[in-house]
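Here is the structure we will look at.
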Amino acid sequence: MRQTGVRPKTRLRTPLLIAGFVILLFFLLSLSLKHSPALGRVEGALVSLSAPGLAAIHYVVDSLQRLWAGYFFLVGLREKNEALQRRLDDYLPKEVQYQEAVQTLKRLEALLELRQELALPVTAARVIAYDPSLWSRCLILDKGKNQGVQVGFPVLVPTGVVGRVVEAYPEYAKVMLIVDRNSGADATLQRTRGRGILQGKGGNRCSLEYLPKNADVQIGDLVLTSGLGGIYPKGLALGHVTAIDKKVPGAFQEIEVTPTVDLSSLEEVLIARVANYLLKP
Amino acid sequence: MVSTILILSLVALGLFYLQNLMLYTQVHLLLPELLVFCAALRHPLLLAFSLALLIGLLQDSYALTPLGLHVLAALIIVGAARAAQRKFLLQHPLPQILIAAGALLLQNLTIRLILMLVGFRETFFSDLTPSQGMEILATAALTPLFFSLLTGVEKRTNPRRKQSLLSN
């Protein structure tokens with residue numbers, strides 16, 4: 001009797017578990033598609049909880065890399081050049097630190113130059129995480145609301161535009177890259193001043209949309225921000241035209257643009273505090 | 001079971017960190033998904049679901065896709081693993097690799113379909129590159145290694161099971 005009393009309960013447990021998870025899932029998806037602020041807070045909490053671990057590992061890895069480059073990697077050389085190396089030993093760690101400092105200085109100088117060129121209030125930030133998904137392109141930065149970062153702020157490097165802030169958490173910010181499918185920017189061709197919309201295409205590609213077939217476009221043309229649209233300042237490099245197809249149906253040509261910025265190896269970026277209005281992805 | 005969930009959650013977090021530091025943005029091996037797959041084959045459904053929820057939410061938080069998409073993707077892996085467990089003998093590496101590859105492929109196609117349904121129209125046929133197929137196969141090839149990892153975790157967290165394994 002006892003067994004028959006337990007069996008239905010056990011039999012129902014798995015379907016109930018599955019049903020519960022499916023309901024939870026659809027609840028989450030439905031709230032997410034409505035851009036629920038509560039889910040934004042959940043995301044923020046998860047990023048805030050897990051990102052410090054990533055930042056700490058970055059720090060440890062950087063330190064180990066410096067140690068490796070400055071000492072262990074050179075053990076073999078020391079054996080060959082013992083006498084000379086002994087004198088150099090004292091200088092090598094300093095040299096490595098110096099080189100590292102020079103590289104950092106160069107990057108920061110470039111950022112500073114950009115800062116002066118822009119003449120805008122900017123905040124420097126470090127990239128601490130990349131998008132794990134195959135379906136979107138974004139970054140996590142180590143600056144957030146507490147440092148004055150807001151949704152809509154453009155993110156730049158000396159070689160061009162990276163993207164814009166789409167989520168700002170207390171200590172972190174999520175940046176949508178210009179190659180993300182939801183990204184759009186008002187753009188202009190430097191050579192001919194032809195205007196269009198730079199649309200992200202996923203991967204490392206963008207396309208310049210709404211340029212008529214009779215517009216003059218050549219491979220290699222530089223695409224710049226037009227300053228219209230209220231997100232990106234005028235005259236910043238977005239990418240180069242890498243393919244043109246005028247045989248497609250419709251009134252517009254198909255133009256592929258490759259970003260000027262290597263979006264897969266960013267370390268430091270500048271967040272320009274210029275957003276006129278906020279946009280959601 | 002709670003200790004197993006905690007340990008597997010830490011392993012999942014470790015895999016996520018490892019990928020973010022070493023592999024992204026060039027290579028997208030689906031290591032957390034593979035962990036979910038192996039956990040779904042070896043552990044109770046509740047544990048597999050909990051792990052899928054954790055990994056899915058973590059991935060959703062770092063991406064721009066709707067929150068819940070990666071949770072759904074992880075649950076598909078759990079479903080595929082449980083269905084395969086009923087139909088096939090998964091004692092040897094080759095069937096494990098083949099079923100894992102099938103589950104990851106199914107997950108990929110389902111995500112494309114869902115993204116298309118929720119408004120990302122171009123997603124279904126886009127980025128169908130050979131490298132994605134290679135990444136799925138490379139991930140699946142790691143299945144026996146993950147099984148060994150889970151066996152190790154089981155031995156540490158479940159002494160009774162360890163004893164039964166030893167007696168066998």
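Per chain, numbering begins at 1; letters A, B, ... match sequence-line order.
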Measure the CG-OG distance between Leu64(B) and Ser133(A) for me, rounded to the nearest 0.5 Å. 8.5 Å
Can you tell me how far apart CH2 (Trp135(A)) and NE2 (His28(B)) are? Round to the nearest 0.5 Å. 10.0 Å
Tell me, for Leu67(B) versus chain A, whether the close heavy atoms (under 4.5 Å) come from the side chain, the backbone, both or neither. both
Nearest heavy-atom neighbours spanning Leu58(B) and Ser50(A): CD1-OG, 3.7 Å
Per-residue contact mode, Ala51(A) against chain B (heavy atom under 4.5 angstrom): both
Is there a side-chain contact between Gln19(B) and Pro132(A) in this structure, where contact means two heavy atoms from C-beta onward sitting under 4.5 Å apart? no
Looking at Ala52(B), Ala73(B), Gly68(B), Ala63(B), which has the largest count of heavy-atom pairs under 4.5 Å with chain A? Ala63(B)
With a 4.5 angstrom heavy-atom cut-off, is it the side chain or the backbone of Leu24(A) that approaches chain B, or both, or neither? side chain
Which pair of heavy atoms, one from Asp60(B) and one from Glu43(A), lies closest together, and at what distance? O-OE2, 3.9 Å
With Asp186(A), which residues qualify under salt bridge (Lys or Arg N to Asp or Glu O under 4.0 Å), at least two apart? Arg195(A)
Has the side chain of Asn20(B) got a donor or acceptor atom that lies under 3.5 Å from a matching backbone atom of Ala129(A)? no
Chain B contact via Ile140(A) - which portion, at a heavy-atom distance below 4.5 Å: side chain
Which answer fits Leu46(B), side chain, backbone, both or neither, if we ask what part of it has an atom under 4.5 Å from a heavy atom of chain A? both
Which bit of Asp180(A) comes within less than 4.5 Å of chain B, counting heavy atoms only: side chain, backbone, both or neither? side chain
Taking the side chain as everything from C-beta on, heavy atoms only, tell me whether Lys174(A) gets closer than 4.5 Å to Tyr62(B). no
Which atom of Ser61(B) lies closest to which atom of Val47(A), heavy atoms considered: O-CG2, 3.5 Å
Euclidean distance, Arg181(A) CZ relative to Thr65(B) OG1, rounded to 0.5 Å: 12.0 Å
Mark yes when over 12 heavy atoms from residues, nucleotides or ligands other than Tyr210(A) sit less than 6.0 Å from its OH; otherwise mark no. no
